[in-house]
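One structure is given below, encoded as C-alpha cells.
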Amino acid sequence: MADINDWKALADKEVKGRDLTWNTPEGIAVKPLYTAEDVTTDPGLPGFAPFTRGVKASMYAGRPWTIRQYAGFSTAEESNAFYRRNLAAGQKGLSVAFDLATHRGYDSDHPRVVGDVGMAGVAIDSVEDMKILFDGIPLDEMSVSMTMNGAVIPCLAFYIIAAEEQGVSPEKLTGTIQNDILKEFMVRNTYIYPPEPSMRIISDIFAYTADNMPKFNSISISGYHMQEAGATQVQELAFTIADGMEYVKYGVASGLDIDRFAGRLSFFFAIGMNFFMEIAKLRAARTLWHRAMTQLGAQSERSKMLRTHCQTSGVSLQEQDPYNNVMRTTIEAMAAMLGGTQSLHTNALDEAIALPTDFSARIARNTQIVIQEETGMCNVVDPLGGSYYIEALTKELVDKAWEIIERVENEGGMAKAVAAGWPKAMIEEAAAGRQARVDRGEDVIVGVNKYRRDQEDPIETLEVDNHKVREAQIARIKRTREGRDEAKCQAALKALTEGAKGKGNLLALAVDAARERATLGEISDAMETAFGRYGTMPTPVKGIYGSAYAGDSRYQQVLDGVEAVTTRLGRAPKLFVAKMGQDGHDRGANVIASAFGDMGFDVVTGPLFQTPEEACKMAVENGVDAVGASSLAAGHKTLIPELIGHLKDAGRADIKVVAGGVIPQQDYDFLKRAGVQGIYGPGSNVVECAADVLRLLGHNMPPADDALEAAE
C-alpha cells in the first residue's frame with residue numbers, strides 16, 4: 001500500500017516541483033492533502049460539549065434550520081405584503097431590514113435623512129408603522145428577527161406594544177434583536193450614542209428580556225458585518241467571540257446572574273465563498289464560545305452553547321454577469337448548512353445592484369428549500385465531521401482566533417480594543433489587501449476579473465420612490481402626533497430622559513413612551529439629551545495597496561500620471577472621499593481613500609453621515625479637484641445631484657464629481673445628466689478608477705494594456 005511519501009513523490013512529478021500549498025488570507029497554510037495524522041483533537045459528538053459538531057444531537061435530521069428572508073421595502077404596507085407572500089411560499093421566520101433613517105434614530109421628517117427614507121429597508125417612525133408591518137401575522141406564532149442596533153430601544157419598544165395591541169403578551173414573543181453595538185463602532189457605524197451609554201442600553205435590554213421575554217434572544221452578536229467590511233474569517237471569528245465575552249461581562253457587572261441571560265444570546269455570521277473555511281469557522285465558533293463561557297463562570301451548558309443565524313455574503317455578489325450570484329449563494333448556503341447553522345438568509349442575485357425583486361427573492365428562498373427537500377443532506381448529522389481537512393482546519397481557526405481573543409482580553413476587553421482602534425485597522429488592512437488581489441487577478445471572480453463578458457445584459461431591478469415614501473411617512477407621523485395625548489407623551493419622554501441620567505431601565509421607560517405614541521426620533525432624542533450623539537472621522541490605512549502593486553506596469557503609469565499632474569498644478573491632485581446620508585458602510589470609501597493615497601493623491605476623508613451641503617462646504621474649504629461620492633444604500637439619485645447643485649451655487653462647478661458603489665446601470669444616465677463625470681460600480685478596478693480621475697483632471701493617461709483589458 002502506498003504511503004504519504006509515495007504520494008508526495010507522485011504529486012511532485014505531476015506538477016514538476018511546484019508547491020501546491022495554498023496560503024490563505026487568514027495566514028493558514030492549506031496543504032493539498034490531509035491524512036489522519038493531521039487530526040489532533042477529538043470533535044466529540046453533536047449535542048455534547050464543546051458542541052463542535054452541533055448544538056443538538058439530531059441537528060437537521062430532527063428539524064431543519066429556519067429559513068429566513070432579510071427584507072424591508074420602503075413602507076410598512078409594502079413590507080407586510082412581501083412578508084405574507086414569502087411566508088405563503090415556505091419561509092418560516094421574519095427578518096426585518098430597517099431603513100437608515102430608522103437605524104440612526106431619526107424620524108422620516110428630519111432634514112438629515114431626505115435621501116435615506118425607505119431606501120435600504122422599511123421606514124419605522126412609530127408604533128403605528130410597526131402594527132402595519134406585522135398586520136395579519138400572529139406574533140405569538142412567528143419568530144421575528146430585527147437587525148437593529150443604534151435605535152434598538154425604540155424599535156424593540158414598538159414591537160412589544162404592537163404585539164400587546166395584537167393581544168400577545170411579551171412572554172410569548174420569540175425571535176431575536178441584533179443589539180450588537182460594538183460591531184457598529186468597529187465596522188458598520190450605525191451607532192447613535194457614545195460607547196459607554198450604548199453598552200448600558202444592552203445591559204438594560206438583557207435585564208428587561210430576562211424578566212419579561214424568556215423566549216426572545218436579547219442579542220445577536222454579529223461577525224457578518226466584519227466579513228462584509230473586509231475581515232478574514234479568523235478576524236471575524238475572534239472579534240465576534242470577543243464581543244460576546246464583553247457583553248456577558250457587562251451583563252454580570254450590571255447585577256445579572258450569568259446563567260440567567262447567557263442562554264438567550266445568539267450569534268450571526270457571514271458565509272463567503274471559501275467553502276471549507278466557512279464550514280470550519282462555524283464549528284470553531286461553537287468550540288471557542290464553550291471555552292470562553294466556561295472561563296467566564298457559566299455553569300449551565302445552554303449558556304455555553306453557541307447558536308447562530310447565518311447570511312450568505314453580500315460582498316461576494318457581483319454586478320457583472322449577475323446570474324452567477326445564484327451559484328455563489330447556493331455554494332454559501334451549503335457551507336452554512338454543513339457548518340450547522342440554526343437559521344439562514346440567502347441573498348438574492350440582484351442585491352449587488354438594488355433591493356431584491358420578488359423574482360430574485362423567490363430564487364434565493366427556494367435555494368434553501370431545495371437543499372432541505374431534495375438533496376438528502378439533512379438526513380445525516382454533521383456529514384463532514386471526521387474529514388481530515390475539516391477537523392484540521394477547525395483546529396487552525398480555533399488556535400489563531402484564540403490568539404487574537406487573548407490579546408483583546410490582555411488589553412482590557414473588546415470595548416477598550418474598539419476604542420483603541422486596532423481591530424478596525426486590522427480589518428481595513430485586510431480589505432485593502434483583498435481589493436488589490438482582486439484588481440491584480442490573483443483572487444479570481446468569475447465575470448469580473450476573469451471570463452468577463454463583452455457586454456452585460458440588462459437586468460430588472462426594484463426602484464423605490466424615495467420622495468413618495470417620505471411624504472407618506474411624514475403624513476403618518478403628523479396623524480400620530482395629532483391623535484395622541486400630548487401631555488402623557490411628553491411626560492413619558494421626560495421620564496425616559498431622567499431614567500437615562502439615572503438608573504431606570506431604558507427599555508421599560510421606552511415601552512411606556514411608545515404606548516403613548518412617542519415617535520422613534522422623539523424616544524432617541526430623549527436619550528440623546530442625556531447621552532449625546534457620537535461621531536468619528538475615518539483614518540485610511542496606508543501602504544497596503546501600494547506594496548501589493550510593487551513593480552506593476554499599469555500601476556506605475558498611474559503613479560507617473562499623478563506626478564505629472566502634481567508638476568502641472570504645483571501640488572498633488574486632491575480627492576475628497578465623501579459619505580453622504582446615513583449609510584455607515586464605509587468599506588468602499590476606505591479602500592478608495594487608502595488606494596488613492598498610496599498612488600500619490602492628496603486624499604481628504606470626510607466624516608460619515610454628511611449632508612450634501614456639508615460635503616460641498618468641506619470640498620470648497622479644502623480646495624479639492626474632485627469629489628468621490630460613495631453610495632451603497634440607494635440614496636445616490638437624491639444626494640449626489642444635490643451636492644453638484646451646492647457646488648455650482650458656491651461657484652465651484654469646476655470640481656469634478658465622480659460616484660462609486662452600488663449604483664444600478666439604469667441610473668447611470670440620470671447621474672451623468674446631473675453632472676456626474678465618472679461612475680464606478682461594484683467590481684471596478686481601482687487602478688483604472690484612478691486613471692480615469694486623472695483623465696478628468698486633464699492628464700492624457702495611456703489606455704489600459706491588452707493584458708489588463710483581458711482580465712477585466
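Computed from heavy atoms alone, side chains included, the values below leave out hydrogens, waters and symmetry copies. The model shown is predicted, which means the values in this text are computed figures rather than measured ones.
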Review point. In Å and rounded to the nearest 0.5 Å, what is the OG1 to CE distance from T232 to M426?
Key: 8.5 Å
Review point. Does a donor on one side chain sit under 3.5 Å from an acceptor on the other, for E278 and Q233?
Key: yes
Point to revise | Any donor-acceptor pair under 3.5 Å from D321 side chain to V446 backbone | key: no
Review point. Just by distance, with hydrogens left out, do E613 and T611 show a side-chain donor and acceptor under 3.5 Å apart?
Key: no
**Study point:** Whether Q610 side chain and M580 backbone form a donor-acceptor pair below 3.5 Å
**Key:** no
Check your understanding: Do D125 and S108 have side-chain atoms, one donor and one acceptor, less than 3.5 Å apart?
Key -> yes
Check your understanding: If you round to the nearest 0.5 Å, how far is CE of M527 from CZ of R533?
Key -> 10.5 Å
Point to revise | Sub-4.5 Å side-chain heavy-atom contact between F531 and S198 | key: no
Point to revise | Considering all heavy atoms, the nearest L647-A619 contact | key: CD2-CB, 4.4 Å
Revision key, fill the gap. One should read off an interatomic distance between T357 OG1 and L349 CG, to the nearest 0.5 angstrom, of 7.0 Å
Check your understanding: Pick from N179, L182, N149, D180: which one makes a side chain to side chain contact (heavy atoms under 4.5 Å, CB included) with S222?
Key -> D180
Review point. Is there a donor-acceptor pair closer than 3.5 Å between any side-chain N or O of S547 and the backbone N or O of G543?
Key: yes
Review point. Between P573 and R568, is any pair of side-chain heavy atoms under 4.5 Å apart?
Key: no
Practice item. Drop me the distance from K656's NZ to I644's CD1, to the nearest 0.5 angstrom. Key: 12.0 Å
Exercise for review: Find out whether the Lys NZ or Arg CZ of R104 is both under 6.0 angstrom from the six-membered ring centre of F609 and within 45° of the ring's axis.
Suggested key: yes
Point to revise | Backbone N/O of G118 and side chain of D99: donor-acceptor pair under 3.5 Å | key: yes
Practice item. Let me see the working for M199 and I202 under side-chain contact (heavy atoms from CB on, under 4.5 Å), right down to the final yes or no. Key: CA-CA 5 Å; M199 294 297 288; I202 289 170; 4.3 Å; yes
Check your understanding: Does the side-chain contact (heavy atoms from CB on, under 4.5 Å) test come out yes or no for E563 and L559, once each step is laid out?
Key -> CA-CA 6 Å; E563 186 176 345; L559 296 184; over 6 Å; no
Practice item. Could you pull out the closest heavy-atom pair between P607 and M618, with the gap in Å? Key: CD-SD, 3.8 Å
Review point. Looking at OG1 of T312 and NE2 of H345, how far apart are the two atoms once the value is rounded to the nearest 0.5 Å?
Key: 6.0 Å
**Study point:** Donor-acceptor pair between Y545 and D439 side chains, under 3.5 angstrom
**Key:** yes
Check your understanding: Does the side chain of D243 come under 3.5 Å of the side chain of T240 through a donor N or O and an acceptor N or O?
Key -> no
Check your understanding: Would one find more than 12 heavy atoms of other residues, nucleotides or ligands at under 6.0 Å from atom CD of E456?
Key -> yes
Check your understanding: Do T638 and H467 have side-chain heavy atoms sitting under 4.5 Å apart?
Key -> yes
Exercise for review: Before giving the answer on side-chain contact (heavy atoms from CB on, under 4.5 Å), spell out for Q318 and I445 the whole-Å C-alpha distance, their side-chain angles and the decisive distance to 0.1 Å.
Suggested key: CA-CA 9 Å; Q318 302 299 323; I445 302 178; 3.6 Å; yes
Exercise for review: Kindly indicate, with the supporting measurements, whether the criterion ring pair (Phe, Tyr, Trp, His ring centres under 6.0 Å) is fulfilled by F185 and Y191.
Suggested key: CA-CA 7 Å; F185 290 119; Y191 43 69; 5.2 Å; yes
Exercise for review: Would you please say whether a donor-acceptor pair under 3.5 Å links the side chains of S360 and D350?
Suggested key: yes
Exercise for review: Scan side-chain atoms only and decide if D586 and N189 contain a donor-acceptor pair under the 3.5 Å cut-off.
Suggested key: yes
Check your understanding: Using a distance-only test with no angle check, is there a side-chain donor-acceptor pair under 3.5 angstrom linking D667 and H636?
Key -> yes
Review point. Looking at side-chain heavy atoms only, is the closest gap between S313 and L317 below 4.5 Å?
Key: no
Review point. Is the backbone N or O of S594 less than 3.5 Å from a side-chain atom of K542, with the two atoms forming a donor-acceptor pair by type?
Key: no
Review point. Centres of the Y193 and Y534 rings: under 6.0 Å?
Key: no
**Study point:** Over all atoms of both residues, closest heavy-atom pair of N347 and A364
**Key:** O-CB, 3.5 Å
Review point. Would you call T147 and V96 a side-chain contact if the rule is heavy atoms closer than 4.5 Å?
Key: no
Review point. Nearest heavy-atom pair of N685 and Y549: which atoms, and what distance?
Key: ND2-OH, 4.3 Å
Practice item. Measure the NE2-CD1 distance between H646 and I655 for me, rounded to the nearest 0.5 Å. Key: 13.5 Å
**Study point:** Side chain to side chain, V686 and F596, heavy atoms closer than 4.5 Å
**Key:** yes
**Study point:** Heavy-atom check, side chain of V558 versus side chain of E688, under 4.5 Å
**Key:** no
Exercise for review: Determine, step by step, whether D560 and Q556 satisfy the side-chain hydrogen bond (donor to acceptor under 3.5 Å, both in side chains) criterion, reporting the C-alpha distance in whole Å, the side-chain angles of both residues, the deciding distance to 0.1 Å, and the verdict.
Suggested key: CA-CA 6 Å; D560 294 342; Q556 188 59 50; 3.0 Å; yes
Revision key, fill the gap. Smallest heavy-atom separation, K281 atom then A270 atom, equals NZ-O, 2.5 Å
Review point. Sub-3.5 Å donor-acceptor pair from the side chain of E184 to the main-chain atoms of T190, do we have one?
Key: yes
**Study point:** Option passing side-chain hydrogen bond (donor to acceptor under 3.5 Å, both in side chains) with R571 (candidates T566, D625, D602)
**Key:** D625
Exercise for review: List the steps and the verdict of salt bridge (charged side-chain N to carboxylate O under 4.0 Å, His left out) for E429 and K424.
Suggested key: CA-CA 9 Å; E429 287 177 6; K424 182 178 180 68; over 6 Å; no
Check your understanding: Under 3.5 Å, is there a donor-acceptor pair linking the side chains of Q311 and E228?
Key -> no
Review point. Can R453 and D457 be counted as an ion pair, charged N to O under 4.0 angstrom?
Key: yes
Review point. Salt bridge check: are K672 and D669 linked by an N-O gap of less than 4.0 Å?
Key: no
**Study point:** Smallest separation among heavy atoms of D116 and A101, with atom names
**Key:** CB-N, 4.3 Å
Practice item. Could you verify whether a donor N or O on one side chain and an acceptor N or O on the other, from S316 and E332, lie under 3.5 Å apart? Key: yes
Check your understanding: Do F239 and V418 come within less than 4.5 Å of each other through their side chains, counting heavy atoms only?
Key -> no
Check your understanding: Can you check side-chain contact (heavy atoms from CB on, under 4.5 Å) on M226 and Q235, steps first, answer last?
Key -> CA-CA 8 Å; M226 298 180 200; Q235 291 167 356; over 6 Å; no
Practice item. Examine the side chains of Q473 and R470 and answer whether a donor and an acceptor come within less than 3.5 Å of each other. Key: no
Check your understanding: Are a donor atom and an acceptor atom from the side chains of R587 and N590 found within less than 3.5 Å of each other?
Key -> no
Check your understanding: Does D107 reach the main-chain N or O of H110 with its side chain, forming a donor-acceptor pair under 3.5 Å?
Key -> no
**Study point:** Pair S220-Q178, side-chain donor/acceptor within less than 3.5 Å
**Key:** no
Check your understanding: Should the heavy atoms of other residues, nucleotides or ligands under 6.0 Å from CG of N23 be counted, would the total exceed 12?
Key -> yes
Check your understanding: H225 vs F268 aromatic rings, parallel, tilted or perpendicular, using cut-offs 30° and 60°?
Key -> perpendicular
Practice item. Check whether any side-chain N or O of E411 sits under 3.5 Å from a backbone N or O of V408 as a donor-acceptor pair, and report yes or no. Key: no
